[in-house]
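Accompanying notes for the structure given below.
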Number of protein chains: 2
Amino acid sequence: METKQITIKDIAQKAGVAVSTVSRVLNGKDRVSPETRQRVQQIIDEYDYVQNAAAVSVVKRKTNMIGVIIPEIQNPFNASIVYGVDKVCKTRGYNICVFSTDDKVADEERLIRSVVSPLVDGIIAITCTDGRIYLGGRKPVVLVDRGLGADDFDEVVIDNMGGMHRACDYLIKKGHRKIAYISGPLEFTTGLGRLQGFRSCMEEHGIPIDEDNVYVGDWFVADGRRATQKILERNSAGAGVTAILCSNNLICKGCIEVLHEAKVAIGEDISLLGFDENDLVHYTTPKITYVARPTYEMGEKAAEMLLEKIASEKSYLGQKMVMRTRLIEQGSVKDLNRK
Amino acid sequence: METKQITIKDIAQKAGVAVSTVSRVLNGKDRVSPETRQRVQQIIDEYDYVQNAAAVSVVKRKTNMIGVIIPEIQNPFNASIVYGVDKVCKTRGYNICVFSTDDKVADEERLIRSVVSPLVDGIIAITCTDGRIYLGGRKPVVLVDRGLGADDFDEVVIDNMGGMHRACDYLIKKGHRKIAYISGPLEFTTGLGRLQGFRSCMEEHGIPIDEDNVYVGDWFVADGRRATQKILERNSAGAGVTAILCSNNLICKGCIEVLHEAKVAIGEDISLLGFDENDLVHYTTPKITYVARPTYEMGEKAAEMLLEKIASEKSYLGQKMVMRTRLIEQGSVKDLNRK
DNA sequence: CTGTTAGCGCATTCAG
DNA sequence: CTGAATGCGCTAACAG
């Protein structure tokens, strides 16, 4: 805009004091006589003056801003994590600002290096990188959801393996043996841990895994659809799969859609267990049993850890917080024991 | 972190040149001999130096950052708008950073005044305020979705009235007369325009509106549920409503849920028409007919307008872009004419 | 082509 | 309690 910015100098002049005095009332913590304070404050209000944040942060080396890096703003789970972060930060006088990387490694690195890092006091990231960009001289960071497992990183993750183990165990206890598993990519602990949870559970129960029943794809609805179609094909050829285990919300959604379209009765003709909530799990008849993640709490926890790092000026707290999942039992898993 | 920031001065010293020379290679646009440029660049790379953005923006009065204000990060429609904004901004060398206001007027005003405005070159906002905060000496702004209609604001909105008019017309053409309308709050043009579209259409067709069939609540699922329950109650007392018109996605979702739970066959026992997409509209049988908004394109358009404002340094372009809606015809509206 | 200098808007000594 | 002076990291004339 064309209107010239009004500065601390203008205020000082109009109030008939020195800039340092204005600075004092602005920052509140120094001694100023009540009268001058009031007079200055009045001018400030009158002209609706606010400090130039950039200038402040040059000299203070502090922005009171937390950067939040997420892969995808369209995924409600990321949104929920952000919400938790925001809540905690706000109560501690920090603002957050959100950056989306589109799950592109190069974008995230560029963003961190030249935009976010210089702008914020700390970073909370659901990263798609190997984490190297966050190391060495940059701002304090806490990783959420996608942990790297490596040292030097403080993380808030969920017990992917345990959660899926529990889910698989539930299926087995209900009498299922031929279980199809639809996995996401295996490059992060999220995908890998869940698959391991499935495998280890089957093994513990002495049930051999038919590798044809393990489908590995991406995290999206289309992948869930594709895998489910194959499962149905194989079943009509006599594969005999009685239950499907989905490794995330979108995959599960695709799975539901295909079963629905094929008029396969969930919880009757075939059982289904999902990982993460989605809009459909509460709408189907019967509703879908799924593993719930405490997304909001993950955000809160991550924020608390980050603020602690900032306050303590430690580059590494050595905290890897693992949050528990919960199995939300609804009606999509048939009990084969009592027919 | 404890590692001291490395500055332009350090680079200059190590390269054996003046800071201005380093500044020149950094900004690229000034003449520097190839040899010195290379030498300096090498030092920069070696030390992984990046400029202190705050300092740059103090002197340049430019941050290359666009602030995006949304009421609610959890709503996929906002996310979609943001996505469109991001796409355009990225190609023009701007970064965006997203702030969520929780639909709280005070929060938005505080955020704008002391955080966003000082930090960005321009603002795109889905505002819950009366817009006053954006006026007078602050940064250029383009309002999206929630237009204020007032002069002085550049806006990208949809034709709420026309969209709902069209939807209502569709119902009437299909033979519906007793139509229930579930409205959101009427403080913004979004809610108001849609209701007016409904009213004017009914009027044009000479159909009197039974005010008991107009439900005004908030924008959420719970409001849709509540209204739908009342509609069903009244219908079982003989009200004879044949179609429900929902004014947004969440209301529609609540409506679908209640109908589903009550085992009322959509498109058969009662017809339904929604405004905005939601996860359920494509899942139900039959699928839900709804009015679609071009959210992504709204974001793109808003970004283009904002960048133009910034470039032209005009505080008001005088543009009020109204985007068209589309009626997505699926199967949830019964044709009463041919039974 | 390159170095010197003067600010940008502000917080913070240090005197008074 | 208050003002004058210094410098934060950087860019932009202005000389050379």
Side-chain angles (χ1 to χ4, degrees), chain A residues 3-41 43-44 47-65 114-115 117-121 137 139, chain B residues 3-41 43-44 47-65 113-115 117-121 137-139:
Chain A
T3 45
K4 208 180 67 199
Q5 180 176 190
I6 154 166
T7 75
I8 196 174
K9 209 183 288 179
D10 302 319
I11 300 295
Q13 189 183 340
K14 292 186 200 301
V17 295
V19 288
S20 51
T21 302
V22 179
S23 178
R24 284 187 182 96
V25 349
L26 246 22
N27 296 302
K29 49 184 139 191
D30 225 335
R31 281 165 259 292
V32 184
S33 81
E35 303 88 62
T36 50
R37 171 178 302 278
Q38 194 190 348
R39 184 153 43 90
V40 171
Q41 188 60 52
I43 306 279
I44 289 174
Y47 287 85
D48 197 21
Y49 165 76
V50 299
Q51 290 147 288
N52 179 323
V56 173
S57 83
V58 172
V59 42
K60 277 201 177 174
R61 280 102 192 269
K62 188 108 173 68
T63 64
N64 274 299
M65 183 104 76
S114 51
V115 181
S117 257
L119 185 75
V120 302
D121 293 337
K139 297 297 166 62
Chain B
T3 47
K4 207 180 69 200
Q5 179 176 192
I6 154 165
T7 77
I8 195 174
K9 209 182 288 178
D10 301 319
I11 300 295
Q13 188 183 342
K14 292 186 200 301
V17 296
V19 289
S20 51
T21 303
V22 179
S23 178
R24 283 186 184 99
V25 349
L26 246 23
N27 296 305
K29 52 182 137 191
D30 226 335
R31 289 166 257 290
V32 184
S33 80
E35 304 88 63
T36 50
R37 172 178 299 280
Q38 195 190 348
R39 185 154 41 89
V40 171
Q41 188 60 52
I43 305 279
I44 288 174
Y47 287 85
D48 196 22
Y49 165 76
V50 301
Q51 292 147 286
N52 179 323
V56 173
S57 83
V58 172
V59 43
K60 278 202 177 172
R61 283 104 191 264
K62 188 109 172 69
T63 64
N64 274 297
M65 183 104 76
R113 181 186 307 271
S114 51
V115 181
S117 255
L119 184 74
V120 302
D121 293 336
R138 295 198 195 284
K139 298 296 167 65

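Note that this is a predicted model, so its numbers are computed, not measured. Residue numbers begin at 1 in each chain, while the letters A, B, ... track the order of the sequences.
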What verdict does the side chain to side chain contact (heavy atoms under 4.5 Å, CB included) test give for B/Arg37 and B/Thr21, after you've listed the backbone C-alpha separation in whole Å, the side-chain angles of each residue and the deciding distance to 0.1 Å? CA-CA 8 Å; B/Arg37 172 178 299 280; B/Thr21 303; over 6 Å; no
Please lay out, stage by stage, how A/Met65 and B/Leu119 fare under the test side chain to side chain contact (heavy atoms under 4.5 Å, CB included). CA-CA 11 Å; A/Met65 183 104 76; B/Leu119 184 74; 3.4 Å; yes
When you look at A/Val17 and A/Val22, which way does the side chain to side chain contact (heavy atoms under 4.5 Å, CB included) test go after all the steps? CA-CA 7 Å; A/Val17 295; A/Val22 179; 3.9 Å; yes
Apply side chain to side chain contact (heavy atoms under 4.5 Å, CB included) to the pair B/Tyr49 and B/Asp10, showing each step before the final yes or no. CA-CA 10 Å; B/Tyr49 165 76; B/Asp10 301 319; over 6 Å; no
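With distances taken from any side-chain atom of B/Ile8 to the nucleotides C/dT2, D/dT11, D/dG3, the minimum falls on D/dT11. The A/Ser23 side chain lies nearest to C/dT12 when the options are C/dT4, D/dT2, C/dT12. Between C/dC8, D/dT11, C/dT2, one nucleotide has an atom nearer to the side chain of B/Arg61 than all others, and that is C/dC8.
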Could you go over nucleotides 13-16 of chain D and give all protein N or O partners under 3.5 Å, atom names and distances?
none

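In this structure, A/Arg39 contributes its side chain and A/Ala15 its backbone to a donor-acceptor pair below 3.5 Å.
Atom CG in A/Asn27 sits about 16 Å away from atom P in D/dT2, given to the nearest Å. When rounded to the nearest whole Å, the span between CD1 of B/Ile6 and C1' of D/dC8 equals 16 Å. Atom CD in A/Gln13 sits roughly 13 Å away from atom P in D/dG3 (whole-Å rounding). At whole-Å resolution of the value, CG in B/Asp10 and P in D/dC10 are 9 Å apart. Across the protein-nucleic acid pair, A/Ile11 atom CD1 and C/dG9 atom P stand 13 Å apart, rounded to whole Å. The distance between atom NZ of B/Lys9 and atom P of D/dC10, rounded to the nearest whole Å, is 9 Å. Between A/Lys60 atom NZ and C/dC10 atom P there is a gap of 12 Å when expressed in whole angstrom units. We find that CG of B/Leu26 is positioned 11 Å from C1' of D/dG9, with the value rounded to whole Å.
Residue A/Ser57 holds its OG atom at 10.0 Å from CG of A/Asn64, rounded to the nearest 0.5 Å. Atom-to-atom distance recorded for B/Asn27:CG and B/Ser20:OG is 11.5 Å, nearest 0.5 angstrom. Separating the CD1 atom in B/Ile11 from the OG atom in B/Ser23 is a distance of 12.5 Å, to the nearest 0.5 Å. Atom CD1 of residue A/Ile43 and atom CD of residue A/Gln38 lie 11.5 Å apart, to the nearest 0.5 angstrom. One finds the CD1 atom of A/Ile44 at 9.5 Å from the CD1 atom of A/Ile6 (value rounded to the nearest 0.5 Å).
Using a 4.0 Å cut-off, no side-chain N or O of B/Thr21 falls inside it from OP1 or OP2 of C/dT2. For B/Ser33, a side-chain nitrogen or oxygen approaches OP1 or OP2 of C/dT2 to under 4.0 Å.
If you find the closest nucleotide of DNA chain D to A/Thr36 and to A/Val19, the one lying nearer the 5' end belongs to A/Thr36.
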Where does DNA chain D pair, written as one dot-bracket string 5' to 3', with Watson-Crick or G-U pairs under 3.5 Å, ( ) inside the strand, [ ] for crossing pairs and | for another strand? ||||||||||||||||
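As judged by a 4.0 angstrom heavy-atom cut-off over every strand, A/Val22 is placed among residues making no nucleic acid contact.
Only A/Tyr49, A/Gln51, A/Asn52, A/Ala55, A/Val56, A/Val59, listed by number, bring a heavy atom of residues 49-59 of chain A to less than 4.0 angstrom from any atom of DNA chain C.
Between B/Asp121 and B/Lys139 there is no salt bridge, since no side-chain N of the basic residue sits under 4.0 Å from a carboxylate O of the acidic one.
Counting only N and O atoms by type, the side chains of B/Thr36 and B/Ser33 include a donor and acceptor under 3.5 Å apart.
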